[in-house]
Protein chains: 2
Amino acid sequence: MARRSGRRPGNQDTRESILDAARLAFAEKGYDNASIRSIAGAAQVDPALVHHYFGTKEKLFLAVMNAPINPAELVPQALAGPREQAGERLVRMAIGVWDSPAGTAALAVFRSALSNEWTARLLREFVVTQVLRRAVSELVLDPDEAAMRSSLVATQIAGIMVARYVLKLEPLASADADVIAAAIGPNVQRFLTEPMPEVFKAD
Amino acid sequence: MARRSGRRPGNQDTRESILDAARLAFAEKGYDNASIRSIAGAAQVDPALVHHYFGTKEKLFLAVMNAPINPAELVPQALAGPREQAGERLVRMAIGVWDSPAGTAALAVFRSALSNEWTARLLREFVVTQVLRRAVSELVLDPDEAAMRSSLVATQIAGIMVARYVLKLEPLASADADVIAAAIGPNVQRFLTEPMPEVFKAD
DNA sequence: TGATGAGTTCAACGCTAGATGAATTCCGCG
DNA sequence: CGCGGAATTCATCTAGCGTTGAACTCATCA
């Protein structure tokens with residue numbers, strides 16, 4: 001008995017279905033709480049297969065991230081254009097991305113960063129420092145203020161993610177993207193371009 | 001050998017040192033990632049002692065929370081007073097609380113809520129719905145807007161916590177509380193009292 | 001003195017996790 | 001046909017978790 005099945009010719013896309021399941025699991029539960037075993041279960045696959053394809057859990061996570069997120073393209077793109085609505089465009093873009101299927105990967109990074117140290121570094125050092133700060137620099141008048149202003153922007157954007165996708169606070173979680181963008185955009189705009197208290201550039 | 005030590009008369013405060021270690025661990029790692037064993041280790045105590053005193057991990061967490069946080073008092077108190085600076089007072093109070101030693105417990109709830117479902121419910125249904133929304137209602141002109149406005153406020157406040165205490169984004173993480181309050185307060189103020197787009201009260 | 005009970009420790013159970021290595025099946029190529 | 005290697009499964013290892021129960025020590029009090 002115990003018929004070991006070996007290769008099943010139809011499933012060439014096993015690897016892809018593992019990736020899909022992993023993306024979903026990481027987005028819903030974060031890096032630590034998404035287990036290889038549950039991912040394998042969702043993909044209807046033996047846990048050892050996951051290791052066969054991706055080696056380690058970290059590598060699986062990185063493989064999931066190498067999808068289509070490219071904040072390095074999206075953020076500057078959102079900030080380009082009329083300076084006065086940059087804030088609203090940024091918020092709208094962010095929500096648009098996360099609500100889309102492709103955004104699942106982005107949500108996975110974020111959720112993971114909240115409870116796992118090395119993914120937090122990933123987010124902090126890549127997305128915020130490299131991408132956001134650079135893009136913001138081109139918009140801000142006083143270069144000394146760029147770092148602090150991007151921090152502030154990050155505050156508001158991260159807050160949306162936490163409230164809407166992690167804590168699922170109502171009525172925000174069910175609100176329309178346009179409503180949110182209209183409500184929050186101006187605040188981000190202020191962080192980006194409005195004059196700020198003087199104490200500001202200290203350090 | 002293996003001299004079992006039994007009662008050590010000096011340590012009557014063992015219970016307190018467990019509580020301290022637990023508060024710290026929950027604040028730094030969240031509910032799931034803070035293990036009873038590591039808490040016991042930090043308190044230089046046998047893991048079984050933790051159960052002896054607190055029963056279960058959930059009860060230990062609740063014991064940690066029964067400290068001096070009382071947002072039910074603090075939030076209304078911050079929102080009372082001149083309507084025009086309510087936002088700034090709220091931000092300043094929030095940061096003040098979390099930066100204080102007593103705020104470790106609050107940070108523990110928040111961090112835990114980010115990765116654990118039942119603590120998330122705790123935060124959502126108690127702090128946000130019961131406390132924040134009620135307090136905001138008294139400040140908002142149109143009562144239909146209260147829920148959405150508190151969601152928005154929660155966004156910004158949660159964003160500060162995530163960026164400053166969880167992700168530790170610089171320069172925000174090291175910034176002075178007054179600077180942050182001055183920079184972010186007006187945005188919270190807008191969420192509280194400024195006119196908002198019309199689409200707003202829908203649902 | 002002797003009993004009580006709180007403080008404390010140790011060992012173990014059952015569970016889940018990530019990871020590994022051997023065994024099996026079968027496609028495709030020579 | 002025969003063979004190599006990829007795909008797949010199973011059994012297992014190690015490590016950590018929360019929790020339990022029994023054992024031991026000792027201060028206190030009748």
Side-chain angles (χ1 to χ4, degrees), chain A residues 1-23 25-26 28-64 108 111-112 115-119, chain B residues 1-23 25-26 28-64 108 111-112 115-119:
Chain A
M1 54 184 58
R3 183 186 181 311
R4 297 194 173 198
S5 42
R7 187 177 196 175
R8 269 202 314 256
N11 287 0
Q12 290 302 1
D13 35 21
T14 308
R15 189 193 153 96
E16 289 309 312
S17 66
I18 293 177
L19 268 181
D20 286 345
R23 190 156 28 235
F26 284 136
E28 279 180 347
K29 319 193 236 186
Y31 182 83
D32 287 329
N33 290 348
S35 73
I36 286 198
R37 289 165 131 104
S38 75
I39 291 172
Q44 304 189 46
V45 138
D46 190 281
L49 248 194
V50 178
H51 285 98
H52 176 56
Y53 280 116
F54 300 97
T56 157
K57 190 182 181 183
E58 289 200 6
K59 287 182 189 162
L60 172 61
F61 185 80
L62 292 176
V64 159
R111 255 214 121 112
S112 301
S115 65
N116 181 278
E117 193 41 44
W118 78 269
T119 50
Chain B
M1 51 188 59
R3 183 183 181 313
R4 297 195 171 195
S5 41
R7 184 177 199 176
R8 270 203 314 255
N11 287 358
Q12 291 299 4
D13 35 19
T14 308
R15 190 193 152 98
E16 290 308 313
S17 65
I18 294 177
L19 268 181
D20 287 346
R23 190 158 26 238
F26 284 135
E28 280 180 345
K29 318 193 236 185
Y31 183 82
D32 286 329
N33 290 349
S35 73
I36 286 199
R37 289 167 133 103
S38 74
I39 291 173
Q44 305 190 48
V45 137
D46 190 280
L49 248 194
V50 179
H51 286 95
H52 176 59
Y53 281 115
F54 300 97
T56 155
K57 190 182 181 182
E58 289 200 5
K59 287 183 190 161
L60 172 61
F61 185 81
L62 292 177
V64 159
R111 256 215 120 111
S112 301
S115 64
N116 180 279
E117 193 42 43
W118 79 268
T119 50

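So you know, we letter chains A, B, ... as the sequences are listed, proteins then strands, and number each from 1.
Nearest heavy atoms, Phe61(A) versus Ser112(A): CE1-OG, 3.4 Å. Between Lys59(A) and Phe54(A), the shortest heavy-atom contact is CB-O, 3.2 Å. For Arg111(A) against Lys29(A), the heavy-atom pair with the smallest separation is CD-N, 4.1 Å.
Residue side chain Arg37(B) does not reach the base of dG16(D) through any donor-acceptor N/O pair under 3.5 Å, judged by distance alone.
What separates CG of Asn116(B) from P of dC17(D) is a distance of 16 Å, to the nearest Å. Here dC17(D) presents its P atom at 14 Å from OH of Tyr31(B), a figure rounded to the nearest Å. The distance between atom NE2 of His52(B) and atom P of dC10(C), rounded to the nearest whole Å, is 16 Å. Going from atom CG of Asp46(B) over to atom C1' of dA22(D) covers 13 Å, rounded to whole Å. Atom CD1 of Ile18(B) and atom C1' of dG18(D) are 15 Å apart (whole Å). Residue Asn33(B) contributes atom CG, which lies 15 Å from atom C1' of dG18(D) at whole-angstrom precision. Across the protein-nucleic acid pair, Glu16(B) atom CD and dG7(C) atom P stand 13 Å apart, rounded to whole Å. Straight-line distance from the CZ atom of Phe61(A) to the P atom of dA17(C): 18 Å, rounded to whole Å.
Not one side-chain nitrogen or oxygen of Thr56(B) sits closer than 4.0 Å to the OP1 or OP2 atom of dG18(D). Taking side-chain N and O atoms only, Tyr53(A) has a distance below 4.0 Å to OP1 or OP2 of dT8(D). Between Thr14(B) and dT8(C) there is a side-chain N or O to OP1 or OP2 distance below 4.0 Å.
Across all strands shown, Leu49(B) has heavy atoms under 4.0 Å from base atoms, whether or not it also approaches the sugar-phosphate. Backbone-only engagement by Ala34(A) is indicated by non-hydrogen atom pairs under 4.0 Å involving sugar-phosphate atoms exclusively.
A donor-acceptor pair shorter than 3.5 Å cannot be found between the side chains of Thr14(A) and Ser17(A).
Annotation: salt bridge (charged side-chain N to carboxylate O under 4.0 Å, His left out) contacts of Glu58(B) (sequence neighbours excluded): none.
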